[in-house]
Amino acid sequence: DTDSVARTGKTPSSRARRLLLTLASVMGIAVVCLLITDFLWESDREQITRKIEEMSAGVAERNLDKVFQHVSERFQYGVATKAALRARGESALQSGQVTAIPIWGIQVPPIPRGAERVKVLFRFKVKGNVFTENQFIGEGVFANEDGQWRLIGIEVYSPTGTRDRYAIPGL
């Protein structure tokens with residue numbers, strides 16, 4: 001070992017430290033690259049969750065454009081279309097029947113690559129002058145329209161489970 005120290009001028013422990021420092025640097029760069037990739041790339045699950053949250057925020061802000069940009073032109077609720085749902089929403093906001101729709105507990109299942117539709121469960125309340133204490137389960141059907149997930153249908157259930165459907169008043 002004294003020959004290697006004489007040739008390189010370094011002890012085995014300084015070479016090990018340099019190797020560990022190099023490995024730590026490479027790992028640190030890899031972690032930073034992964035964080036940047038995660039920040040820049042939005043998964044289907046993240047996109048759907050974000051859009052549900054934006055729709056909730058749009059109601060609270062009384063901005064139906066923010067809500068309906070995430071609703072498909074093919075939306076259907078019974079016989080009601082996107083236009084009928086929007087008209088009902090405008091009426092409910094103007095009359096104070098609805099002032100906010102807080103949403104939580106969003107459950108987006110794993111989405112296979114190339115999937116065209118996915119059902120998403122979430123819990124929500126309707127705040128306004130019509131409802132006092134309430135809670136519902138929503139089952140939103142989202143369709144992939146050219147890489148953008150949009151709400152294409154919805155079912156509303158009582159808070160006890162997805163057996164008892166609740167009809168949206170006015171639709």
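In this chain, numbering begins with 1 at the start of the sequence shown.
For the atom pair K125 NZ and F136 CZ, the distance stands at 10.5 Å (nearest 0.5 Å). In this structure, CZ on F75 lies 4.5 Å from CG on L85, to the nearest 0.5 angstrom. Note that OG1 of T99 is 8.5 Å distant from CG of L93, once rounded to the nearest 0.5 Å. Separation of atoms CZ (F122) and CH2 (W104) is listed at 11.0 Å; rounding is to 0.5 Å.
Ion pairing of K66 with E54 is absent here, as no side-chain N (NZ or NE/NH1/NH2) approaches a carboxylate O to less than 4.0 Å.
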Please output the side-chain donor-acceptor pairs of residues 110-117 that fall under 3.5 Å, not counting sequence neighbours, one pair per line with the distance.
none

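Linking Ile, Leu, Val, Met, Phe, Trp and Tyr residues whenever their side-chain heavy atoms come within less than 4.5 Å leaves V59 and I137 in two separate clusters. Hydrophobic clustering places L171 together with V67 (ILVMFWY residues linked when any side-chain heavy atoms are closer than 4.5 Å, directly or through intermediates). Note on Y166: it does not cluster hydrophobically with Y157, by side-chain heavy-atom contacts below 4.5 Å among ILVMFWY residues.
Side-chain contact check for K119 versus P109: every heavy-atom pair is 4.5 Å or farther apart. The shortest distance between side-chain heavy atoms of K51 and Q69 does not fall below 4.5 Å. By the 4.5 Å heavy-atom criterion applied to side chains, S13 and R17 are counted as neighbours. With a 4.5 Å cut-off on side-chain heavy atoms, V71 and M55 count as touching. In this structure, the side chains of D44 and F142 stay at 4.5 Å or more apart for every pair of heavy atoms.
Here the options are I154, T49, L151, V108, the test is side-chain contact (heavy atoms from CB on, under 4.5 Å), and the partner is V120; only V108 passes.
Listed for the N63 side chain is no donor-acceptor partner under 3.5 Å among the backbone atoms of A57. The main-chain N or O of P102 is never found under 3.5 Å from a side-chain atom of K127 such that the two would form a donor-acceptor pair. With R165 contributing its side chain and E155 its backbone, the two residues share no donor-acceptor pair below 3.5 Å.
Applying the salt bridge (Lys or Arg N to Asp or Glu O under 4.0 Å) test to pairs two or more places apart or on separate chains, those with a residue in residues 137-149 are R74-E145, E145-R150.
For E90, the salt bridge (Lys or Arg N to Asp or Glu O under 4.0 Å) test picks out R86, with sequence neighbours left out.
Taking each heavy atom of Y77 and I168 in turn, the nearest pair found is OH-N, 3.0 Å. Smallest separation of non-hydrogen atoms from I152 and A143: CD1-CB, 3.9 Å.
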